[in-house]
> 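One structure follows; several queries about it will come next.
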Amino acid sequence: MLEKKLEHVAIIMDGNGRWAKERGLPHLKGHREGAETVRRVVEMSKEYGIKYLTLYAFSTENWKRDKEEVDGLMELLLEFLETQLVILQKNNVRLKAIGRLKELPQEVYEALMQVIEETAGNTDGTLVFALNYGGRAEIVDAARKLAEDVRAGEINSADIDENLFRQYLYAPEIPDPDLMIRTSGELRLSNFLLWELSYSELYVTDVYWPDFGRDDFSRAIDSYYGRDRRYGGRK
Ligand code: FPP
């Protein structure tokens, strides 16, 4: 039996809309409750000793939603960045972000960079926001940078292997997720961390993200420890 570690948890936070609809509330109210769940999950991860927590906060596809919803999500993100800084500092957690960040609204981009900079020295944990993130976009961006380095003569194409390719992804220093949780029941990857999730355990719960609580998180973690990862080989 392999020794189990749970260092990195990645989450697709789904179901904010359905949560709101069932209550006759506007969609944005669901996102607002969802932001509260983000706060709770950051705390719980710290308690469980999880070193990396990656959250799918805004996908490259999310721009297609109503302008009002997109603006509301950006507003929530700004609020989160403003209010969470103290908490990240207190918990010694650093913030990172992956995605096509420069395409975010300027004030969101600047607030994000500021929190990333101010928390860069924190060492107890890493919260990673996937923002304007797409798994295919990440692989395409990596391929483009790698092609530029080959053209510049810095890399020999014969030397390209998985390890080298990985260095061109958005956050190569972060280990791949051990566990990926998706809330709200859908059995899809939705363009999330396509490269990084290759060997991750997947856990899907029907619970909507705004309702995702301590018990749900510990059930996901228990399920992880109850399974055995083999990386395609034998035990
Ligand atoms: C899916 O719900 C969730 C999102 C599109 C974005 C996640 C955003 C948050 C949790 C809130 C703000 C985040 C931060 C980091 C402060 P959905 O609207 O697709 O739900 P549905 O499928 O039920 O409609």
Side-chain angles (χ1 to χ4, degrees), residues 9-46 50 52-88 91 93-101 103-105 107-116 119 125-135 137 171 180-193 204-213 216-217 220:
V9 175
I11 308 183
I12 299 180
M13 311 181 285
D14 198 11
N16 295 346
R18 276 161 280 178
W19 181 92
K21 197 170 176 198
E22 281 185 7
R23 288 161 180 78
L25 297 168
H27 199 142
L28 269 173
K29 180 70 182 138
H31 290 317
R32 186 164 281 284
E33 284 299 313
E36 282 308 311
T37 307
V38 171
R39 282 178 235 278
R40 280 202 303 273
V41 168
V42 171
E43 268 173 36
M44 289 189 270
S45 299
K46 176 106 203 276
I50 291 161
Y52 303 89
L53 175 68
T54 299
L55 302 177
Y56 204 5
F58 195 87
S59 75
T60 47
E61 287 75 33
N62 285 154
W63 299 108
K64 292 184 208 138
R65 297 190 176 203
D66 289 351
K67 182 175 179 327
E68 193 192 342
E69 190 185 343
V70 171
D71 289 350
L73 276 168
M74 292 300 150
E75 193 54 45
L76 270 177
L77 193 61
L78 265 181
E79 260 179 49
F80 184 91
L81 291 168
E82 278 161 15
T83 55
Q84 198 66 10
L85 177 60
V86 186
I87 297 164
L88 291 174
N91 286 301
V93 170
R94 67 179 170 160
L95 182 71
K96 287 204 144 225
I98 53 172
R100 291 182 172 164
L101 306 176
E103 293 168 12
L104 290 167
E107 55 175 345
V108 173
Y109 178 78
E110 282 170 9
L112 185 66
M113 289 305 132
Q114 197 183 339
V115 177
I116 289 174
T119 60
T126 304
L127 170 63
V128 185
F129 274 166
L131 282 169
N132 192 22
Y133 176 86
M180 197 282 276
I181 300 172
R182 179 168 188 148
T183 59
S184 197
E186 244 86 56
L187 298 171
R188 282 196 293 273
L189 282 183
S190 298
N191 205 13
F192 187 43
L193 302 177
V204 177
T205 169
D206 285 336
V207 173
Y208 297 148
W209 179 248
D211 288 330
F212 188 80
D216 303 302
F217 199 44

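Note that ligands are numbered from 1 as they come in the structure, with each ligand's atoms numbered from 1 the same way.
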> Just one of Ile12, Val204, Leu193, Val9 clears the side-chain contact (heavy atoms from CB on, under 4.5 Å) bar with Met180, so which one?
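Testing each of Ile12, Val204, Leu193, Val9 against Met180, the sole residue satisfying side-chain contact (heavy atoms from CB on, under 4.5 Å) is Ile12.
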
> Tell me which residues fall inside the under-4.0 Å heavy-atom shell around ligand 1.
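Contacts of ligand 1 under 4.0 Å: Met13, Asp14, Gly15, Asn16, Gly17, Arg18, His27, His31, Gly34, Ala35, Ala57, Asn62, Arg65, Leu73, Leu77, Phe80, Phe129, Trp209.
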
> Which residues pass the salt bridge (charged side-chain N to carboxylate O under 4.0 Å, His left out) test with Arg40, sequence neighbours left out?
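Listed in chain order: nothing, the list is empty.
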
> I want to check something: taking the side chain as every heavy atom from C-beta on, are Ile11 and Ile181 in contact at a cut-off of under 4.5 Å?
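Heavy-atom side-chain distance check passes, below 4.5 Å.
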
> Hey, could you give me each pair passing ring pair (Phe, Tyr, Trp, His ring centres under 6.0 Å) that has a residue in residues 59-80? Not counting sequence neighbours.
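Residue pairs passing ring pair (Phe, Tyr, Trp, His ring centres under 6.0 Å), neighbours aside: Phe58-Trp63, Phe80-Phe129.
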
> More than 12 heavy atoms of other residues, nucleotides or ligands under 6.0 Å from CZ of Arg32: yes or no?
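Atom CZ in Arg32 is not crowded, with 12 or fewer foreign heavy atoms closer than 6.0 Å.
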
> Got a sec, which pairs hit salt bridge (Lys or Arg N to Asp or Glu O under 4.0 Å) with one end in residues 15-28, sequence neighbours left out?
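Listed by first then second residue: Asp14-Arg18, Arg18-Glu186, Arg23-Asp211.
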
